[in-house]
Amino acid sequence: MVQEVIVLQEVFDTTKDLEEKWALEEDIIGKILWICWCGIHAEVEQVLPEALDRILKDETVDSKTKNIRTWYIGNIFEEAVASPPDDIQAHLLRVMADAETGVSKYQLLNAEKAMKEVRRSGQDLDVPQERNSGLQFTKTPKEY
């Protein structure tokens, strides 16, 4: 995925169209956020059980102290629960989810432009064919 970000950045750097730049920017940000999320998630999954295990199996403290530690850890997690996202956070979550599922704003924008061009030229449109991954056109936007 890092290579994809590099390629998108190269396309971004050479693109003049502001709408395309915006779409590429969203794709790049989404992929970077997704990469960071995966890394953080992996770290937490690995480190947290080890840390809790050490705290709970610490033989240098009595059971009352272990219970207090456990209570404090529980409070930390309770307070860490995210509040409903504001507009900016919701947008970034959507951009990250798009990256996770492989949705590209840039590709969607180019497909939309191609469809508009086809309509202007009066050519027949291909009918979408349903597949497991959703609707797919029989031609790519570049073939129009």
Side-chain angles (χ1 to χ4, degrees), residues 1-120 125-144:
M1 188 167 292
V2 174
Q3 189 61 36
E4 291 175 29
V5 172
I6 292 169
V7 169
L8 287 172
Q9 184 65 50
E10 290 169 356
V11 174
F12 178 86
D13 291 341
T14 60
T15 300
K16 303 269 188 266
D17 183 275
L18 290 177
E19 203 173 21
E20 288 182 14
K21 278 192 171 284
W22 171 82
L24 285 162
E25 195 172 74
E26 280 212 354
D27 288 351
I28 293 166
I29 290 169
K31 287 185 184 300
I32 290 171
L33 286 172
W34 181 242
I35 291 167
C36 291
W37 172 257
C38 289
I40 290 168
H41 189 267
E43 279 295 312
V44 169
E45 274 191 336
Q46 179 183 350
V47 172
L48 186 60
E50 291 174 12
L52 289 174
D53 196 46
R54 280 189 182 173
I55 290 168
L56 296 173
K57 291 183 178 177
D58 185 357
E59 295 179 6
T60 62
V61 296
D62 59 31
S63 63
K64 182 179 178 183
T65 304
K66 287 180 188 178
N67 289 339
I68 292 171
R69 288 178 177 178
T70 307
W71 182 82
Y72 277 115
I73 292 168
N75 281 345
I76 291 169
F77 281 106
E78 218 170 73
E79 291 174 15
V81 173
S83 55
D86 60 24
D87 289 344
I88 293 171
Q89 290 170 330
H91 176 73
L92 292 174
L93 287 170
R94 185 191 51 75
V95 169
M96 187 174 74
D98 287 346
E100 176 188 7
T101 58
V103 173
S104 168
K105 294 289 193 226
Y106 182 66
Q107 289 175 347
L108 291 173
L109 177 65
N110 284 335
E112 180 184 357
K113 285 180 177 182
M115 295 299 285
K116 285 179 182 178
E117 184 60 35
V118 168
R119 286 187 186 116
R120 266 193 297 254
L125 295 177
D126 287 336
V127 178
Q129 296 177 346
E130 197 165 331
R131 297 195 183 142
N132 291 341
S133 62
L135 294 176
Q136 298 287 329
F137 290 95
T138 56
K139 290 184 182 178
T140 65
K142 290 181 180 178
E143 292 174 311
Y144 288 107

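FYI, side chains are in, hydrogens and waters are out, and symmetry mates aren't considered; it's all heavy atoms of this structure.
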Could you work out, with salt bridge (Lys or Arg N to Asp or Glu O under 4.0 Å) as the rule, every residue matching [X], not counting sequence neighbours?
X    : value
E112 : K116
E20  : K113
K57  : D53

I need the [X] [atom1] to [Y] [atom2] distance, nearest 0.5 Å.
X   : Y    : atom1 : atom2 : answer
S63 : L56  : OG    : CG    : 12.0 Å
D27 : L109 : CG    : CG    : 10.0 Å
E19 : Y106 : CD    : OH    : 11.5 Å
T65 : I55  : OG1   : CD1   : 12.5 Å
W37 : L93  : CH2   : CG    : 9.0 Å
M1  : E100 : CE    : CD    : 8.5 Å

_Nearest heavy atoms of P85 and A90, plus distance in Å_ = CB-N, 3.9 Å
_Closest non-hydrogen atom pair, Q89 against P84_ = OE1-O, 4.4 Å
*Among V95, D87, I88, which residue meets the side-chain contact (heavy atoms from CB on, under 4.5 Å) test with H91?*
V95
*Taking only residues at least two apart or on different chains, which pairs with a member in residues 42-51 satisfy salt bridge (charged side-chain N to carboxylate O under 4.0 Å, His left out)?*
none
Give every donor-acceptor pair under 3.5 Å between a side-chain atom in residues 69-78 and any protein atom, sequence neighbours left out.
from : atom 1 : to  : atom 2 : distance (Å)
R69  : NH1    : D58 : OD2    : 3.1
T70  : OG1    : K66 : O      : 2.8

*Min side-chain heavy-atom separation R119-M115 under 4.5 Å*: yes
Compile the donor-acceptor pairs under 3.5 Å between side chains in residues 2-10 and protein atoms, sequence neighbours left out, one pair per line.
from : atom 1 : to  : atom 2 : distance (Å)
E4   : OE1    : K31 : NZ     : 2.8
Q9   : NE2    : D13 : OD1    : 2.9

